[in-house]
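Side chains included, hydrogens not; waters and symmetry mates left out as well; all remaining heavy atoms used.
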Amino acid sequence: MAENSSLGPQDGAVHTLDHVDQYLMVGQESDASDIHLGVNTPPVWRRYGSLEPIWLQADKLTAADTRRLAYGFLTEPQQKVLEEHGDIDFAYSNPNGRYRASVVRHRLGIDLVFRIINSKVRTMDELALPESLKQLTKYHNGLILVTGAVGSGKSTTLAAMVDFINENRHDHIITLEDPIEYVINSKNCHVTQREVHTHTRSFGAALRGALREDPDVIMVGEMRDLETIQLAITASETGHLVLATLHTGNASRTLDRVLDVFPVDQREQIRIMVSESLRGVVSQQLVPRKDGRGRVLALEILTNVPAVASTIREAKTFMLPGIIQTNRKAGMRLMDDALTELYDSGLISGDEAYARAEQKSLMRQHIAQNPQA
């Protein structure tokens, strides 16, 4: 807990702070990923994946408190959007950093949620991303998908991959985000960052416009709908490297999600297009460390070898786990294998490995045969 924060009393009740920036500073000082300021609850943070009160003795925030906090940092145009639509999502900056802000009206009043964004783009080496991911960035066309649940570090991985391209190629990179999280400054590439709802009305509109801006690499923050997915696949087929995210848990479910969004009469054609344009799927989880000192990254990696392309064309994505397992030498890895490695290394507990495993019976057997000290 942040009981020793300089922004709160050392003992007794912690009273409501004057501005959201003070809560955000507390979160940054203590390595939290999210700050929640909600009606009838004390201030809460998500730290190492768990949601818990920032201070045990904090006052509960009232509807008046959260309204004051919201209107204390929203601009007048943002206040108008909140009043007209009932919610607003945007990137917020202060002298201490950048945040993804979400402010919503609900039955009890106004709630505020902030995702704390690391202001420094971490390199692929700093994130300990495998060499196979660096190889994916060397393609000059095709589709790379980074997937996982909300808060699994997809944006961090994508930013690292884009910045690796930025350092090692001489191209035009366009990022389309909602909102812009990491600020990526041009190095050897020219980088253009556009924010949905600020610089363009939708991902689809931005992607359509991007194709007329002479891009080499396009990063799509999220493929949310049929139009965006269709345009991304088309762009990947027409000489562009497209990196995008989806909220799916593994490679086979990712491809099912991409293909199933299309009308039935188009799926055969789309399967052929995806089988030819796909470069790789990276699925990830952030797992709490056994020692309580943060979280560790678990990765499932699929690269498009001929067997994968054939499986996609024939609509047999259920066979992908077996293909991944037999192609480890090509840099592929199943999520269960990643979890097993983290467990065997003593980085995560058996409970976490079991809870996140796809093949739970096999994971239970492995844990029973290899108990941790």
Side-chain angles (χ1 to χ4, degrees), residues 33-34 46-52 127-130 132-133 144-157 222-223 245-261 278 280-305 307-308 310-312 314-373:
S33 62
D34 301 83
R46 188 177 298 278
R47 191 164 175 262
Y48 307 144
S50 297
L51 204 63
E52 54 191 23
L127 295 172
L129 297 176
S132 56
L133 266 63
I144 300 170
L145 299 174
V146 179
T147 77
V150 172
S152 61
K154 298 186 298 299
S155 297
T156 301
T157 298
E222 188 179 342
M223 297 205 303
T245 71
L246 280 170
H247 294 299
T248 45
N250 61 29
S252 56
R253 282 199 287 271
T254 297
L255 290 168
D256 287 341
R257 167 80 179 276
V258 169
L259 299 170
D260 289 350
V261 75
L278 183 71
V281 179
V282 182
S283 301
Q284 59 185 64
Q285 299 185 48
L286 284 173
V287 187
R289 293 173 60 102
K290 184 182 177 183
D291 60 12
R293 297 178 180 176
R295 294 181 291 175
V296 63
L297 183 64
L299 289 176
E300 175 169 300
I301 302 171
L302 167 78
T303 53
N304 193 4
V305 297
V308 170
S310 176
T311 297
I312 295 170
E314 296 170 9
K316 295 180 179 178
T317 53
F318 62 88
M319 298 175 64
L320 288 174
I323 295 172
I324 294 173
Q325 205 155 30
T326 56
N327 282 272
R328 292 183 184 179
K329 290 182 179 179
M332 295 198 215
R333 180 169 56 185
L334 283 172
M335 180 61 73
D336 281 12
D337 291 335
L339 293 169
T340 299
E341 289 175 17
L342 293 173
Y343 169 77
D344 290 345
S345 300
L347 293 173
I348 66 173
S349 68
D351 289 344
E352 288 289 352
Y354 176 78
R356 295 164 184 272
E358 292 281 338
Q359 301 292 329
K360 294 192 181 297
S361 59
L362 293 177
M363 183 63 75
R364 185 191 298 116
Q365 183 179 353
H366 180 83
I367 292 169
Q369 292 173 351
N370 301 274
Q372 292 179 339

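Counting only heavy atoms from C-beta outward, the side chains of Arg295 and Gln285 never approach each other to under 4.5 Å. When side chains are defined from C-beta on, Asp337 counts as touching Arg328, because their heavy atoms get closer than 4.5 Å. Residues Leu127 and Leu297 form no side-chain contact, since every pair of their non-hydrogen atoms from C-beta on lies 4.5 Å or further apart. Using a 4.5 Å heavy-atom cutoff, the side chains of Val258 and Leu145 are in contact. The closest side-chain heavy-atom distance from Tyr343 to His366 is below 4.5 Å. Counting heavy atoms from C-beta outward, Val308 and Asn327 have side chains that stay 4.5 Å or more apart. Under the 4.5 Å side-chain criterion, counting only non-hydrogen atoms from C-beta, Glu358 is not in contact with Leu334. Side-chain contact check for Asp336 versus Leu362: every heavy-atom pair is 4.5 Å or farther apart.
Counting all heavy atoms, side chain and backbone alike, Gly153 lies closest to Leu286 at N-CD1, 4.0 Å.
Note that the CE atom of Met223 and the OG1 atom of Thr245 stand 8.0 Å from one another [nearest 0.5 Å]. How far CG of Asp260 is from OG1 of Thr317: 8.0 Å, rounded to the nearest 0.5 Å. Interatomic distance, CG of Asp256 versus CD1 of Ile312, reported as 10.0 Å (0.5 Å rounding). Here Met332 contributes atom CE and Glu300 contributes atom CD; the two are 10.5 Å apart, rounded to the nearest 0.5 Å. The distance from atom CD of Glu352 to atom CG of Leu339, rounded to the nearest 0.5 Å, is 9.5 Å. Here the CZ atom belonging to Arg47 is positioned 13.0 Å from the CG atom belonging to Asp34, to the nearest 0.5 angstrom.
By the 6.0 Å contact criterion, CD on Gln359 is open, its count of non-hydrogen atoms from other residues, nucleotides or ligands being 12 or less. Counted within 6.0 Å of NZ on Lys360, heavy atoms from surrounding residues, nucleotides or ligands total more than 12; the atom is thus considered enclosed.
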Inset, instruction - Please test Thr147 against Arg257 for side chain to side chain contact (heavy atoms under 4.5 Å, CB included), starting from the C-alpha separation and ending with a verdict. - result: CA-CA 11 Å; Thr147 77; Arg257 167 80 179 276; over 6 Å; no

Inset, instruction - Given side chain to side chain contact (heavy atoms under 4.5 Å, CB included), test Lys154 with Thr157 step by step and report yes or no. - result: CA-CA 5 Å; Lys154 298 186 298 299; Thr157 298; 5.9 Å; no

Inset, instruction - For Leu320 and Val281, run side chain to side chain contact (heavy atoms under 4.5 Å, CB included): C-alpha distance rounded to whole Å, both residues' side-chain angles, the deciding distance at 0.1 Å, then the answer. - result: CA-CA 11 Å; Leu320 288 174; Val281 179; over 6 Å; no

Legend entry - Working for side chain to side chain contact (heavy atoms under 4.5 Å, CB included), residues Glu314 and Met319: CA-CA 11 Å; Glu314 296 170 9; Met319 298 175 64; 6.0 Å; no

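Of the N and O atoms on the side chains of Ser349 and Asp351, not one donor lies less than 3.5 Å from an acceptor on the other residue.
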